[in-house]
Amino acid sequence: MHHRFRGLAVGAVALLTVSAALPAAAAEPPGRQEHPARGSLSAVVRYTEYGIPHIRAESYADLGFGTGWAQAADQVCVLADGFVTVRGERSRFFGPAGRTDGSLSSAGDNLSSDLYFRGVRQAGTVEKLLAEPAPRGPSRQAKDLMRGYAAGYNTWLRQHRTTDPACKGAPWVRPVTTLDVAARFYALSVIGGQGGAVDDITAAQPPAARPGGGGRAPDARALIRAVRERAADADMGSNAVAFAGGTTANGRGLLLGNPHYPWQGGRRFWQVQQTIPGELDVAGAALLGSPTVSIGYNSRVAWSHTVSTGVPYNLTQLTLDPADPTVYLVDGRPERMTRRTVTVAVKDGPPVTRTQWWTRYGPVVAADDGSLPLPWTTTTAFALNDPNAANLRFADTSLGFGKARDTAGVLASLGRHQGMPWVNTVAADSSGHTLFTQSQVLPRITDDLAARCSTDLGRATYPAAGLAVLDGSRGTCALGRDADAVQPGIFGPARMPTLKDAPYAENSNDSAWLANADRPLTGYERIFGTIGTARSPRTRGAIDAVAAMAERGSLTVRDLQRQQFANRVTVGELAAEDAARACAALPGGVARNKDGAQVDVSAACPVLAAWDRTAGTGSRGALLFDRFWRRIGALVPNAQRWKVPFSAADPVHTPHTLNTEAPGFTTALADAVTELRAAGIELDSPLGKHQFVVRDGRRLPIPGGTEALGVWNKVEPVWDPAHGGYTEVTMGSSHIQAVGWDGSGCPVARTLLTYSQSSNPNSPHSSDQTRLFSRERWVTPRFCEKDILSSPALKVVHVHGR
């Protein structure tokens with residue numbers, strides 16, 4: 001659909017094609033007045049404070065064009081690195097032993113990454129998905145966005161010299177195709193399934209091809225542990241809460257989104273507003289490489305995502321032909337595995353060729369050091385089923401959110417496109433409605449199917465970790481199809497755990513059970529997550545806080561801002577007083593550390609007692625408690641940590657009361673004191689003096705705390721005592737948005753991109769919002785035309801391609 005621009009009055013603002021006032025990555029050529037050639041792709045990019053672009057276009061292809069151009073201006077090196085990844089060319093440019101940034105797969109090295117992605121390209125997987133008719137495949141609008149994005153990215157490359165030192169003059173910064181953009185979407189979709197098992201896929205070889213042949217049985221406990229660790233180490237998390245009109249000051253909804261994502265690399269967010277007059281007007285954050293807003297808001301509705309507990313893959317145990325381990329039996333009939341031979345170009349060396357093995361159930365997985373510790377023996381192998389390997393619907397689902405007028409519209413987009421691969425959705429709207437739903441692409445593993453078809457291994461892994469291991473020798477163990485599912489083998493919308501119009505709907509990466517503690521969700525299959533089990537400290541603190549907010553009522557966006565930076569340490573409230581009391585009772589104030597040495601810990605006792613139980617930058621005692629609690633986690637099993645155990649009847653407030661008599665308690669205290677003193681850090685030193693990032697040569701104190709502490713404002717820094725304590729933040733709070741409405745037609749929003757808009761250290765927008773985050777300040781983003789045009793920082797760029 002094409003539209004004329006309506007009401008784009010720019011007054012005396014200079015119209016630029018390329019300008020030195022743009023982000024530094026775009027600042028090379030001299031500016032001059034240019035306008036789109038007839039028939040070419042074009043867009044208008046208007047920059048406001050903090051380098052946030054507002055992109056207006058006449059069509060979806062034009063909108064993708066402007067988005068690709070503007071993303072390249074801020075993030076060309078990170079984007080180019082990702083495109084090298086999905087093309088399977090990392091070994092060619094960076095060597096086979098190098099590492100990826102982990103944003104598009106879990107591959108242990110470049111060679112493994114390339115073998116997987118070259119295999120995907122060679123099999124034509126993404127092309128086939130692009131050719132599927134909508135809604136099973138992407139819509140024409142989504143494909144136009146991808147096509148336009150590639151053209152915009154390429155136009156920026158053609159028009160500019162790269163100034164970012166990370167890739168200045170690099171031969172791997174090259175033009176891209178629509179297929180490359182789609183392949184990046186594909187990589188994000190399978191990151192929880194095939195993408196998380198790349199090493200297992202590329203290393204799997206039949207026993208005759210491996211030294212020793214292999215005859216060991218799978219270890220259920222090791223597999224359960226691996227699945228849990230894989231989920232915990234995914235570098236993705238989040239909090240989100242929606243408040244209904246009955247809890248707010250004006251009867252309209254409120255939404256606070258706080259996704260926890262990596263601060264470096266290709267899984268960063270990038271802020272943008274996208275407008276096709278009369279068709280689309282949405283603001284928020286896009287994942288790098290994506291032409292659609294992933295998390296955001298419009299004039300009527302706002303949404304955010306949290307990584308779910310659903311296990312987005314399952315295993316099939318194959319019964320092999322004793323005479324040939326590459327043949328498996330289904331209902332007694334042999335089927336030969338598909339041999340996929342992949343060749344990868346290697347820097348300074350000959351090409352490397354490896355073989356992958358694929359079945360009707362997916363790729364065979366087996367690697368001694370992979371993420372799924374599974375053997376391939378002469379009698380048994382395991383195949384990974386990832387339904388997101390048939391899902392290229394992420395863009396359409398997000399686009400549907402941007403067009404939605406209320407939470408019902410958000411739910412309708414989820415139901416039609418079914419494209420969310422590994423997240424929950426939380427939403428609120430201007431009419432006061434709320435929504436939580438775990439509408440994601442999951443293999444259709446019902447509890448009944450698991451009971452009928454689990455192997456011995458699956459009977460251990462499914463209840464414990466949600467991982468089904470099905471018997472592949474029986475055709476009756478196929479996943480089947482729900483009538484409302486857009487593809488076979490996945491759950492349809494009717495089965496998704498969904499909560500509508502609760503006073504609050506909250507998720508902090510636990511299962512759907514306690515999205516609202518007064519209206520628990522039950523009745524869903526185990527693969528979605530657990531019911532009636534202990535919640536994480538972050539979930540407990542979040543529910544306690546937001547339930548109290550809902551009960552208090554009269555909420556505004558300012559209350560959401562306070563919640564974001566309350567920096568409340570849930571575990572500190574539960575354990576600090578007990579720890580301080582036990583510390584003060586130690587004979588002579590002495591405890592033994594891990595090396596058996598006696599340590600005077602008496603000075604730690606009053607620090608723990610006086611600590612304010614927050615992780616603000618000025619908090620004294622937060623660092624000591626953090627280091628102590630990390631040692632508790634390593635030394636004291638969770639079952640022994642608390643005197644009062646978990647109770648499903650009171651899941652928000654149990655377990656509690658620190659067990660200071662547990663072996664390891666005093667050692668943890670002594671270790672923490674020893675560690676801080678060895679680093680020359682005072683026990684009551686303010687947290688921000690030792691939890692910081694360095695930007696432009698300056699230390700910026702960073703508020704927040706780690707997952708184990710249960711802090712809403714989660715950050716995960718690197719401990720480096722030789723250089724002052726915690727230094728670089730690796731992941732945590734990223735694109736934060738607090739959104740409401742006041743009836744004016746313009747959303748009331750406050751946002752913050754913690755790591756800032758650009759990765760280019762030469763850009764003025766590489767650290768400006770990080771400085772705001774350090775001071776717990778917010779951006780007031782501009783959404784309506786009058787606000788955009790009144791920005792004192794406004795710069796307007798006409799971009800076009802020939």
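All values reported here derive from a predicted model rather than from experimental measurement. Numbering of residues begins at 1 and proceeds along the displayed sequence. The figures here come from the full heavy-atom set of this structure, side chains too, leaving out hydrogens, waters and symmetry mates.
Taking CG of Asn110 as the start and CG of Leu115 as the end, the distance is 10.5 Å to the nearest 0.5 Å. If you take OG1 on Thr455 and CZ on Arg474, they are separated by 10.0 Å, rounding to the nearest 0.5 Å. Taking CZ from Arg526 and CG from Asp447, the interatomic distance works out to 9.0 Å, rounded to the nearest 0.5 Å. Rounding to the nearest 0.5 Å gives a distance of 9.5 Å between CZ of Arg452 and CG of Leu470. Lys403 NZ to Asp396 CG: the interatomic distance, rounded to the nearest 0.5 Å, is 8.0 Å. If you take CG on Leu374 and CD on Gln317, they are separated by 9.0 Å, rounding to the nearest 0.5 Å.
Ring geometry for Tyr149 against Tyr153 counts as parallel: the plane angle stays under 30°, on a 0 to 90° scale with 60° as the upper cut. Ring geometry for Tyr361 versus Tyr328: interplanar angle of 30 to 60°, hence tilted. Between Trp422 and Phe394, the ring planes lie perpendicular to each other; the angle is over 60°, past the 30° to 60° tilted range. Note: Trp357 and Trp376 have perpendicular aromatic rings, judged against thresholds of 30 and 60 degrees for the angle between ring planes.
Both tests hold for Arg230 against Tyr313: distance to the six-membered ring centre under 6.0 Å, angle to the ring axis within 45°.
Salt bridge absent: Asp114 and Arg92 never bring a charged side-chain N and a carboxylate O closer than 4.0 Å.
Applying side chain to side chain contact (heavy atoms under 4.5 Å, CB included) to Ser511 and the options Leu521, Ile531, Thr530 leaves one that passes, Thr530. Each of Gln264, Arg267, Glu716, Glu707 was scored for a side chain to side chain contact (heavy atoms under 4.5 Å, CB included) with Met731, with one residue passing: Glu716. When Asn424, Thr309, Thr425 are each tested for a side chain to side chain donor-acceptor pair (under 3.5 Å) with Asn507, only one passes: Asn424. Tested against Glu89 for a side chain to side chain donor-acceptor pair (under 3.5 Å), the candidates Arg121, Arg118, Lys347, Arg174 yield a single pass: Arg174. Under the side chain to side chain contact (heavy atoms under 4.5 Å, CB included) test applied with Tyr462, the options Ile445, Leu449, Leu457 reduce to a single match, Ile445.
A donor-acceptor contact closer than 3.5 angstrom is absent between the side chains of Ser238 and Thr306. For the residue pair Asn239 and Ser508, a side-chain donor N or O sits within less than 3.5 Å of a side-chain acceptor on the partner.
Under the disulfide (SG to SG under 2.5 Å) criterion, no residue pair touches residues 90-133, with sequence neighbours excluded.
No more than 12 heavy atoms of other residues, nucleotides or ligands lie within 6.0 Å of CZ in Arg221, so this atom counts as exposed by the packing criterion.
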